[in-house]
Amino acid sequence: MQRIATIAAALLLVAFAGASVLGADYYVSTSGSDSNPGSLSLPWLTLQYAVDTIAPGDTIIVLPGTYAGCRVEFSGTAAAPKTITVQTPGTVVLNALGPRNRHNRIFEIENYEASVDYWVVDGLTVDGGDVIGGIDSRGTDTQRNNFITIQNCTVHNAANGDLLVTGIFTAHTYYALVQNNISFDNSEHGIYTNNSGDYGIVRGNVSYGNFGLGHHMNGDLSMGGDGIMSHWIVEKNMCYDNGSNGFDGDGVDNTIWRNNLAYGNGSKGIHLCVVNGATNPAYDKVYNNTLITDVGAYYCLTFYKTARVKIGGENNSAMNNILYNYAITDHRRGSIMYVSTWMSTFTSDYNVV
């Protein structure tokens, strides 16, 4: 009995300790003031003041309305992340730059002097209006962001004149979670995860009507780091009617694409290659996807080699996929394109082609 009482007391201490890091809720309203305390009855006015002010564990709740964006420069913690969310889904629109945005993006997560870690961005609608960008988490190879979550957001019409702009963008961001977002009609890609970031998850997103790719991964050696994206999970996403590939991996290894749907895209369904990255695809798994390519497009699934990079190419696998190519009369098109010199370690089975 004494042991049970001791365990119960310990559990109570843990419960109280957990409650102490839950933090406070603060509110932002179009009728608020940044001199207010940020309560529901006396909310703040701007997102910039809110993200600068809250402590780890706190949550910003944005009331319905249209707002300027902001730049997030201060971290939460592993035990107490910072969160920005909305009171009512679909009623909060960000459509202008905030006072400290530096990259012509509406919502920026970046600090030149330190990483920005443990943030949750939840439920925002970001409208670039074909002149500015969307949601941007941007670190460097020495000050990389960690544990950034972007979820339940809608981002569209990100553009910047002649520059190509992605809807949701992460660079040098490790342990990113990008889930349940909708990204469409952007001048570059729907979702772009890049610059050597590892251990991320891209899950449950819908990406369509973008000028470039639905979801692009790029190790991009020229931007610092090892130029390799490793240990990602890309699952349950839908990419359709994009100008190029549905899914694209450049310099990506030890990653799985599973239970995704791609159709109506301008080129491939899933394309694994090395152009800017530092490795050919290796130990990559393509499982349980449905990939459909139209007449005039390319293969459903491609693994592509470059002479510039010597490493990689081994132990890739494609299993249990449905691969349908409408260009059945074109001998240049098919279901799977693979590199002959890599065939000895390639596993392909139980696919419907």
Side-chain angles (χ1 to χ4, degrees), residues 22-23 25-30 47 50-51 54 57-72 76 80-96 98 105-109 116-129 132-138 145-158 165-170 173 175-186 189-193 197 200-210 214-216 232-240 242 247 259-261:
L22 289 178
D25 291 341
Y26 294 96
Y27 295 85
V28 176
S29 169
T30 56
L47 301 186
V51 300
I54 65 168
D58 291 346
T59 297
I60 301 163
I61 301 173
V62 187
L63 276 62
T66 300
Y67 297 84
C70 61
R71 181 179 172 85
V72 175
K82 295 180 177 181
T83 300
I84 181 168
T85 189
V86 300
Q87 183 186 57
T88 306
T91 64
V92 173
V93 178
L94 280 57
N95 67 356
R105 308 300 193 266
I106 293 174
F107 197 99
E108 297 175 356
I109 305 170
V116 183
D117 307 327
Y118 298 105
W119 263 92
V120 178
V121 181
D122 183 15
L124 304 177
T125 296
V126 180
D127 180 0
I132 47 183
I135 300 176
D136 210 67
S137 172
R138 192 178 301 220
N145 293 345
N146 299 283
F147 296 98
I148 301 298
T149 296
I150 302 168
Q151 63 185 17
N152 305 315
C153 294
T154 298
V155 184
H156 61 94
N157 293 100
V165 181
T166 284
I168 298 173
F169 178 88
T170 70
T173 301
Y175 301 97
L177 175 58
V178 181
Q179 66 177 358
N180 301 328
N181 303 286
I182 302 172
S183 185
F184 65 94
D185 289 350
N186 301 295
H189 313 312
I191 300 170
Y192 192 175
T193 50
I201 298 173
V202 177
R203 173 192 294 140
N205 303 283
V206 178
S207 182
Y208 67 91
N210 300 289
H215 174 220
H216 184 33
W232 284 71
I233 298 171
V234 182
E235 64 181 2
K236 300 180 181 179
N237 303 284
M238 182 163 59
C239 293
Y240 65 94
N242 298 287
F247 299 88
N259 300 111
N260 299 289
L261 171 63

- Residue pairs, two or more places apart or on separate chains, that pass salt bridge (Lys or Arg N to Asp or Glu O under 4.0 Å) and touch residues 145-154: none
Identify which one of [options] satisfies the side-chain contact (heavy atoms from CB on, under 4.5 Å) criterion when paired with [X].
| X | options | value |
| --- | --- | --- |
| M238 | V206, N260, I182 | V206 |
| I84 | V28, L47, I54 | L47 |
| V72 | V121, D136, V116 | V116 |

What distance do [X] atom [atom1] and [Y] atom [atom2] have between them, rounded to the nearest 0.5 Å?
| X | Y | atom1 | atom2 | result |
| --- | --- | --- | --- | --- |
| C239 | I191 | SG | CD1 | 7.0 Å |
| N157 | D127 | CG | CG | 5.5 Å |
| Y175 | F147 | OH | CZ | 5.5 Å |
| L94 | R105 | CG | CZ | 15.0 Å |
| Q179 | C153 | CD | SG | 10.5 Å |
| T193 | H215 | OG1 | NE2 | 3.0 Å |

- Message: Quick check against the 3.5 Å criterion: does N181 have a side-chain atom that pairs as donor or acceptor with the backbone of I150?
- Response: yes
- Message: List the residues meeting ring-ring contact (aromatic ring centres under 6.0 Å, His included) with Y26, not counting sequence neighbours, and say none if there are none.
- Response: W44
- Who are the ring-ring contact (aromatic ring centres under 6.0 Å, His included) partners of F247, not counting sequence neighbours? none
- Determine the interplanar angle of the F169 and Y192 rings, folded into 0 to 90°, and report it as parallel if under 30°, tilted if 30 to 60°, perpendicular if over 60°. perpendicular
- Message: In terms of relative ring orientation, are H189 and H216 parallel, tilted or perpendicular, with 30° and 60° separating the classes?
- Response: perpendicular
- Using only heavy-atom distances, determine whether the side chains of N237 and N205 contain a donor-acceptor pair under 3.5 Å. yes
- Message: Does either side chain, that of N146 or that of D117, offer a donor lying less than 3.5 Å from an acceptor on the other one?
- Response: yes
- Which heavy atom in S137 sits nearest to a heavy atom in N145, and how many Å separate them? OG-ND2, 3.1 Å
